[in-house]
Asker: 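To start, I am sharing the structure in question, which I have written as structure tokens.
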Amino acid sequence: MDAVIFDLDGVLVDSERTWDEVRRAVVAEHGGTWRPEATRAQQGMSTPEWAHYLVETLGARLTPDEIASTVIDEMAARYADRPPVIDGADQVVREISRHWPVAIASSSPPVLIHAFLTACDLTSLVPVAVSSEEVAAGKPAPDVYLRAAMLLNVDASRCAAVEDSTNGLRAALAANMAVYAVPNPHFPPDPAALQEATVLPNLAALPTALRE
């Protein structure tokens, strides 16, 4: 193994519920209707993809650019003091970075990825951070993981990916990476997506699992 690539939301930051809450509120405020499948459908989507989904599928009466800006501004406001970092996540990244190059491959916009890295003083330890805004397609497409591996100058098949959601797991598997799953307790992934992953009880178990 040559590198470890982390997802952000649900793996390092407990933000999946916040994204869900903010999007629901914006859709309701602007005349749309939330659907039961909407939360899972959007996990892993890039910003342009979920913005179009909120407008075209859920009926919010804004343009995709307007709704993306509204949602991201509210998320940034909630990150202003400190992102909701999962307990011990920054220490796990530090420990892993002592042994392997580390990257982030996330569906979050760059401003929120960098807010996490800055708040946890990890910028110098995580040389590569890729948002799905910067690639052709969001998860479950493998693009964001392949881009991260390329920027690390390592072969994707020699990377470990750490994920929590169905679409994220599928993206990492499609990139031909060794996948370690830390299932999101609030939005559990599809059991079929877990079958090809090493399932961990929590993020703290990752360093030991990688060494084994």
Side-chain angles (χ1 to χ4, degrees), residues 1-13 15 43-46 83 85-110 112-184 189 192-212:
M1 187 174 64
D2 293 337
V4 179
I5 304 177
F6 290 88
D7 176 40
L8 181 66
D9 297 298
V11 172
L12 302 176
V13 178
S15 54
Q43 289 178 334
M45 284 186 180
S46 67
V85 179
I86 290 172
D87 287 346
D90 50 341
Q91 287 89 347
V92 169
V93 174
R94 289 178 193 283
E95 182 174 351
I96 297 300
S97 72
R98 289 197 289 268
H99 304 282
W100 296 280
V102 171
I104 287 176
S106 173
S107 301
S108 274
L112 299 185
I113 299 173
H114 294 300
F116 163 77
L117 293 173
T118 300
C120 294
D121 195 25
L122 291 172
T123 303
S124 63
L125 300 181
V126 183
V128 169
V130 182
S131 166
S132 58
E133 287 186 13
E134 301 167 307
V135 295
K139 302 171 185 178
D143 302 35
V144 69
Y145 276 109
L146 295 174
R147 174 75 172 167
M150 185 191 74
L151 292 174
L152 286 172
N153 197 31
V154 298
D155 190 285
S157 66
R158 293 188 58 81
C159 294
V162 189
E163 269 289 354
D164 71 304
S165 69
T166 298
N167 284 342
L169 292 165
R170 288 174 175 162
L173 289 167
N176 198 29
M177 295 185 176
V179 183
Y180 291 79
V182 185
N184 190 309
L194 292 171
Q195 289 182 353
E196 296 180 69
T198 298
V199 181
L200 305 177
N202 50 54
L203 189 63
L206 179 64
T208 299
L210 290 174
R211 286 192 293 268
E212 291 174 351

Asker: How far apart are the C-alpha atoms of E196 and V179, what are their side-chain angles, what is the distance that settles it, and do they pass the side-chain contact (heavy atoms from CB on, under 4.5 Å) test?
Answerer: CA-CA 8 Å; E196 296 180 69; V179 183; over 6 Å; no
Asker: Mark yes or no for whether N167, through its side chain, and Q43, through its backbone, hold a donor-acceptor pair below 3.5 Å.
Answerer: yes
Asker: Kindly give the heavy-atom pair with the smallest separation between S132 and G138, and that separation in Å.
Answerer: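 Closest approach of S132 to G138, heavy atoms only: CB-CA, 3.9 Å.
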Asker: Restricting to non-hydrogen atoms, name the atom on A160 and the atom on M1 that form the minimum distance, rounded to 0.1 Å.
Answerer: CB-SD, 3.3 Å
Asker: Using 0.5 Å steps for rounding, measure from the CG atom of D164 to the CD1 atom of I86.
Answerer: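 One finds 7.5 Å between CG of D164 and CD1 of I86.
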Asker: Are F6 and V126 close enough that some pair of their side-chain heavy atoms sits under 4.5 Å apart?
Answerer: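 Answer no - side chains too far apart.
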Asker: So do L125 and V102 actually touch side chain to side chain, heavy atoms under 4.5 Å?
Answerer: no
Asker: Contact between V135 and Y145 at the side-chain level, heavy atoms closer than 4.5 Å - yes or no?
Answerer: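 V135 does not reach Y145 side chain to side chain.
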Asker: Go through the steps to decide whether T118 and T123 satisfy the test side-chain contact (heavy atoms from CB on, under 4.5 Å), and finish with yes or no.
Answerer: CA-CA 6 Å; T118 300; T123 303; 4.2 Å; yes
Asker: Does M150 reach the side chain of L146, with side-chain heavy atoms less than 4.5 Å apart?
Answerer: no
Asker: Apply side-chain contact (heavy atoms from CB on, under 4.5 Å) to S108 and list each qualifying residue two or more places apart in sequence or on a separate chain.
Answerer: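 L8, D9, W19, S106, L112, I113.
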Asker: Is the closest side-chain heavy-atom distance between P140 and T166 below 4.5 Å?
Answerer: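 Counting from C-beta outward, P140 and T166 never come under 4.5 Å.
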Asker: Indicate yes or no: at least one non-hydrogen side-chain atom of P110 is less than 4.5 angstrom from one of E134.
Answerer: yes
Asker: Identify the heavy atoms of A181 and L194 that sit nearest to each other, and give their distance.
Answerer: CB-CD2, 3.6 Å
Asker: Under the side-chain contact (heavy atoms from CB on, under 4.5 Å) criterion, do L210 and H99 qualify, and how do the steps go?
Answerer: CA-CA 10 Å; L210 290 174; H99 304 282; over 6 Å; no
Asker: Could you give me the CA-CA distance, side-chain angles and deciding distance for E163 and L173, then say whether side-chain contact (heavy atoms from CB on, under 4.5 Å) is met?
Answerer: CA-CA 10 Å; E163 269 289 354; L173 289 167; over 6 Å; no
Asker: Rounded to the nearest 0.5 Å, how far apart are CD1 of I104 and NE2 of H114?
Answerer: 9.0 Å
Asker: Let me confirm one number: the CG-CG distance from L12 to D90, rounded to the nearest 0.5 Å.
Answerer: 9.0 Å
Asker: So which atom in A175 and which in P142 form the shortest heavy-atom distance, rounded to 0.1 Å?
Answerer: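 Minimum heavy-atom separation between A175 and P142: N-CB, 3.6 Å.
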Asker: Examine distances only and state if a side-chain atom of N202 and a backbone atom of A205 form a donor-acceptor pair shorter than 3.5 Å.
Answerer: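 Confirmed, N202 side chain pairs with A205 backbone.
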Asker: Which heavy atom in S107 sits nearest to a heavy atom in G44, and how many Å separate them?
Answerer: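 Nearest pair, atom of S107 first, then G44: OG-O, 2.9 Å.
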Asker: Only counting residues at least two apart or in another chain, list the ones meeting side chain to side chain donor-acceptor pair (under 3.5 Å) with S157.
Answerer: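 Listed in chain order: D155.
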Asker: Would you say V92 and P207 make side-chain contact, with heavy atoms under 4.5 Å?
Answerer: yes
Asker: Given side chains that start at C-beta, do those of R211 and T208 come closer than 4.5 Å, heavy atoms only?
Answerer: yes
Asker: Run the side-chain contact (heavy atoms from CB on, under 4.5 Å) test against V182 and tell me which residues pass, sequence neighbours left out.
Answerer: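 Result, side-chain contact (heavy atoms from CB on, under 4.5 Å) vs V182: V162, L200, L203.
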Asker: Minimum heavy-atom separation for A149 to I5, with atom names?
Answerer: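 Smallest heavy-atom distance, with atoms named: N-CD1, 4.0 Å.
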